[in-house]
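Below: one structure, written as structure tokens.
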Amino acid sequence: MSHGYRARGIMDAGGTNEATGADLTPAPGSQPMSGWYVPPPAEPLKSDEDLRREREAKVEELRLRGLLRSSRIRTAMLAVRREDFVPRGYRDHVYEEIPLPLPGEQATISCPHSYPLFYEELGLRRGHRFLEVGVGSGYGTALAREIVGPEGLVVSVELDAVTLAFARGNLERAGYADVVLVHGDGGLGCPGHAPYDRICVTAACPEVPPPLLEQLRIGGRLAAPILEDGRQLLTLVRKTARGVRRTTICDVLYVPLRGRYGVGSWSPAPWRNRGGPTARARLVISCPDLGSCRRTRTALRRALPGADVARTGFGGVLTVECQGDVLALAEQVTRGCGPDTGHVTAVLDEVPSEPEALSGAAVRIGAEHVGPGESFAFRIRKRGAHGLVEATPELERAIGGAIWGALQAKLGRAPRVDLSDPDVTIRAEVLGPLTFVGITRKAWRAGTT
Ligand code: SAH
């Protein structure tokens, strides 16, 4: 299959990228270009009957390609007239695999194949409570309404008032009055109708907006394009009683999510971009209050003139970076800054703020750093918006238990847990979507008063 162009580096989207081999064949007469072909708006020539035939052919094609599998989604795609959800000038192109522009600042109706792609992965079924982020044309909203049926609920949130007005008109004319349309920032979800069985984000985000995870029912699923190293990965998140599990489905291209958790406004880790050799040692210092934080910064600048001492944007939390051995540095800082410093953690790993990644790092670090005869504890301090939905005591118990098991296997005897004054504390300092995992040693405090 030859496209004659590459679907890359564009923000005008809503479809599968070439990586999945989706058919993005441009319409006749289009020019090779570095994005999707946007047909010039024109007075429609096709009849309703022409478009009905195209719709049926499209549904059959998606079925043969394995993108469309369940009969409920198939029936919905046959029932909803996609031509009712695009500006009149694009009507004749509505069954082509191209995203089409919509009224508003940054909105497109996604390619036809992207709807079964998301909804099949989500396992959207009759009776579900469904939340869509990004109403756009309202086409995905209408499909969801058909799929969940009268027992279910469809809530859809749109940031752009002009786009929302367009979608509302489309939905009303097409007879879908029983959907809840909300004007607002979909990154914040819609708590009034939560919890949801399924959530679909139709704009690319730096991370899954934490409020959406909170509003997802245990056992629920969420699909979203997640930005990673310049790619957008359609990511399926399953929420279980033990945390969230993520699966990457394929590359996609969507317009960027805006708002509180949107692109640009929510950067996972500003200090990550500072560069510098990776051999540098890093500490996280968590101070009890802002006064102590100020004093600690002054003391650090004096004691370690070459170090990079930075605020993290989270109150009372500093990072220190400098050349050298991280454990020796942590000891030096703990002694040098005195008892007022707060917790000094020697950072040994940096992971996404999700239970599995965190647990894996904590177990590895615990098994490596807790010596025979030493007591240990595991502590988490959560800050900002993160994916650790379980309560802190439960997470500490579960991950502490996993460290215990790994140590027992390594030492050949039961390790000692001491929650009040352990020799080694394995610490997870959660700073929004990133978690620093490392250790603090009791011995570092010896000699401080
Ligand atoms: N599901 C849509 C695709 C829309 S494109 C459809 O089927 O047509 C993405 C949409 O997300 C745009 O309409 C854009 O305005 C909207 N959007 C971007 N950021 C948003 C946010 N934070 N909250 C709600 N909508 C947002």
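Atoms considered below: every heavy atom in the structure, side chains included; atoms not considered: hydrogens, waters and symmetry mates. Both counts, for ligands and for their atoms, begin at 1 and track the order of listing.
Neither side chain, Thr248 nor Thr235, offers a donor N or O lying under 3.5 Å from an acceptor on the other. Side-chain contact check for Arg129 and His193: no donor-acceptor pair (N or O, by modelled atom type) lies under 3.5 Å. Using modelled atom types and a 3.5 Å distance limit, the side chains of His113 and Glu97 yield a donor-acceptor pair.
Checked against salt bridge (charged side-chain N to carboxylate O under 4.0 Å, His left out), Arg126 has the following partners two or more places apart in sequence or in another chain: Glu151.
Proximity of the aromatic rings of Tyr139 and Tyr176 is defined here by a centroid distance below 6.0 angstrom, and this criterion is not met.
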Give every pair formed by an N or O atom of ligand 1 and a protein N or O atom closer than 3.5 Å, one pair per line with both atom names and the distance to 0.1 Å, or write none.
| unit_1 | atom_1 | unit_2 | atom_2 | d |
| --- | --- | --- | --- | --- |
| ligand 1 | 1 (N) | Glu132 | OE2 | 3.3 |
| ligand 1 | 1 (N) | Gly134 | O | 3.0 |
| ligand 1 | 1 (N) | Thr202 | OG1 | 3.1 |
| ligand 1 | 7 (O) | Tyr115 | OH | 2.5 |
| ligand 1 | 8 (O) | Ser137 | N | 3.0 |
| ligand 1 | 8 (O) | Ser137 | OG | 2.8 |
| ligand 1 | 13 (O) | Glu158 | OE1 | 2.7 |
| ligand 1 | 13 (O) | Glu158 | OE2 | 3.3 |
| ligand 1 | 15 (O) | Glu158 | OE2 | 2.5 |
| ligand 1 | 15 (O) | Arg258 | NH2 | 2.8 |
| ligand 1 | 19 (N) | Arg258 | N | 2.9 |
| ligand 1 | 22 (N) | Asp185 | OD1 | 2.9 |
| ligand 1 | 22 (N) | Arg258 | O | 2.7 |
| ligand 1 | 23 (N) | Gly186 | N | 2.7 |
| ligand 1 | 25 (N) | Leu159 | N | 3.2 |

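The aromatic rings of Phe130 and Tyr119 sit perpendicular, their planes meeting at an angle over 60°, well past the 30° parallel limit.
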